[in-house]
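All values below come from the heavy atoms of this structure, side chains included, with hydrogens, waters and symmetry mates left out. These numbers were taken from a predicted model, which means no experiment stands behind them. Both ligands and their constituent atoms are indexed starting at 1 by order of listing.
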Amino acid sequence: MDTQQIKGKPIAEKVYAECLQELEVLKSGGHLPGLAVVLVGDDPASRAYVGSKERKCKELGLHSVKIELEEDCSQETLIAEIEKLNADDAIHGILVQLPLPGHLAEDEVILKISPAKDVDGLHPINIGKLAMDDATGFAPCTPLGCQRMLIETGMGISGKNVVIIGRSLLVGKSLGLLLLQKGEGGNATVTIAHSRTENLAQVASDADILVAAIGRPGFVTEDFVKEGAVVIDVGINRVEDASAKRGYRLVGDVDYDKVAPKCAAITPVPGGVGVMTIAMLMANTIRACRMAEEGKELEFRR
Ligand code: GUN
C-alpha cells in the first residue's frame, strides 16, 4: 500500500503562519500575548518540553515567563504562584507542566488556574465546555494537534470509525470529545479503548482512524490495524540506545515499520504529533489574549 507519512512540521508551520497574522493584529492594537509555564522539579523530559515552549514563544515574539519550583515545593507555594499569574495582566496563558511530583495534587492545582488563562484546556470548566460543544472554551493542545493533522490530511473525520487507545484527560478522553463534536473536524464515531479493554487488537482493527496514546513503546503492531487505516501515534517514549548521542532515542506507541505498510497514512515519531502540541499551545495563547482584549473572558464567568 502507498503509505502517506503525515509529518507534523509543515502543518505546524501553517498554524504558526496563522498565529503570526493574528499576532500582528494584536500588536498593532498594543496587545502582546503572554504565556507562563510552571515547571516543578527537574524531570529531564519535562525540562526539555518547557524549553521548547519558551523557545517557540521567543521565535514568534510572544511574552514568555518560566517559573521554576523545587521538586519538594509545597502545594501552597505552587498555588500562590498560580494566583500571582492569574492576577498578572501581561499573562494570558498559564501551563503547569505535568506530571507533577507525587506529593502534589494535580487536580487541585489545575482547578486554581483561571479558566480564561487555561490554555492547556484541563480546567473542569474547559473540559465541560468541550463536552458541551461550547467553542468558547480551550481544548487541550495535543488533541487539537491530532485533530488538525487529520483535517489537513484530508481523509475525512465525519462519520469515520475512530478508535483511541488511551483514556487520559490530557490526550485520549479529550480527543474523543473533540472528534465527537458536531461540526468541522468532528462527527466521528468514537471508541475510547484502554488497558482493560477486552480483545483490544480486534477493537482497534475496526478503526478507520486509529490513535495510539498509551505511552508504551511499539505497543501497536500490525494486527491492531485495518488495511487502509489512518494511524496517529501520540507516544513519545525514550528508550535506551547506547549508540545514540544522548544515550536514548524517541519511539512512538506504534511499531512503525510493521504498521506503516498497512496504512493509508501514519504519523512518524519523532516528527509527527509532538511539534503540533506546541503549535496549538501558541494558538491557544494568542486566542486567550484576543479574548481577554475583547472582554470575552467574561464567557468563563457566566
Ligand atoms: N506533559 C506532557 N504533555 C503535556 C501537556 O500538553 N500539558 C501539560 N501541562 N503537561 C504536559
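- When atom types are taken as modelled, the side chain of Asp134 and the backbone of Thr136 share a donor-acceptor pair closer than 3.5 angstrom.
- Within the 3.5 Å criterion, the main-chain N or O of Ser114 finds a donor-acceptor partner in the side chain of Asn86.
- Salt-bridge annotation for Arg47 and Glu68: present, with a side-chain N of the basic residue lying under 4.0 Å from a carboxylate O of the acidic one.
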Ligand 1: which protein N/O atoms lie under 3.5 Å from its N/O atoms?
| unit_1 | atom_1 | unit_2 | atom_2 | d |
| --- | --- | --- | --- | --- |
| ligand 1 | 1 (N) | Gln97 | NE2 | 3.1 |
| ligand 1 | 1 (N) | Leu98 | O | 2.8 |
| ligand 1 | 7 (N) | Asp120 | OD1 | 3.1 |
| ligand 1 | 7 (N) | Asp120 | OD2 | 3.1 |
| ligand 1 | 9 (N) | Val96 | O | 2.8 |
| ligand 1 | 9 (N) | Asp120 | OD2 | 2.4 |
| ligand 1 | 10 (N) | Leu98 | N | 3.0 |

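- Between Lys27 and Glu24 no salt bridge is recorded (no basic side-chain N to carboxylate O distance below 4.0 Å).
- In the hydrophobic clustering, where aliphatic and aromatic side chains (Ile, Leu, Val, Met, Phe, Trp, Tyr) are joined below 4.5 Å either directly or transitively, Phe219 groups with Val163, Ile165, Leu200, Val203, Leu210, Ile214, Val220, Phe224, Val225, Val231, Val254, Tyr256, Val259, Ile266.
- Defined by atom type and a distance below 3.5 Å, a donor-acceptor pair is missing between the side-chain atoms of Asn161 and Asp206.
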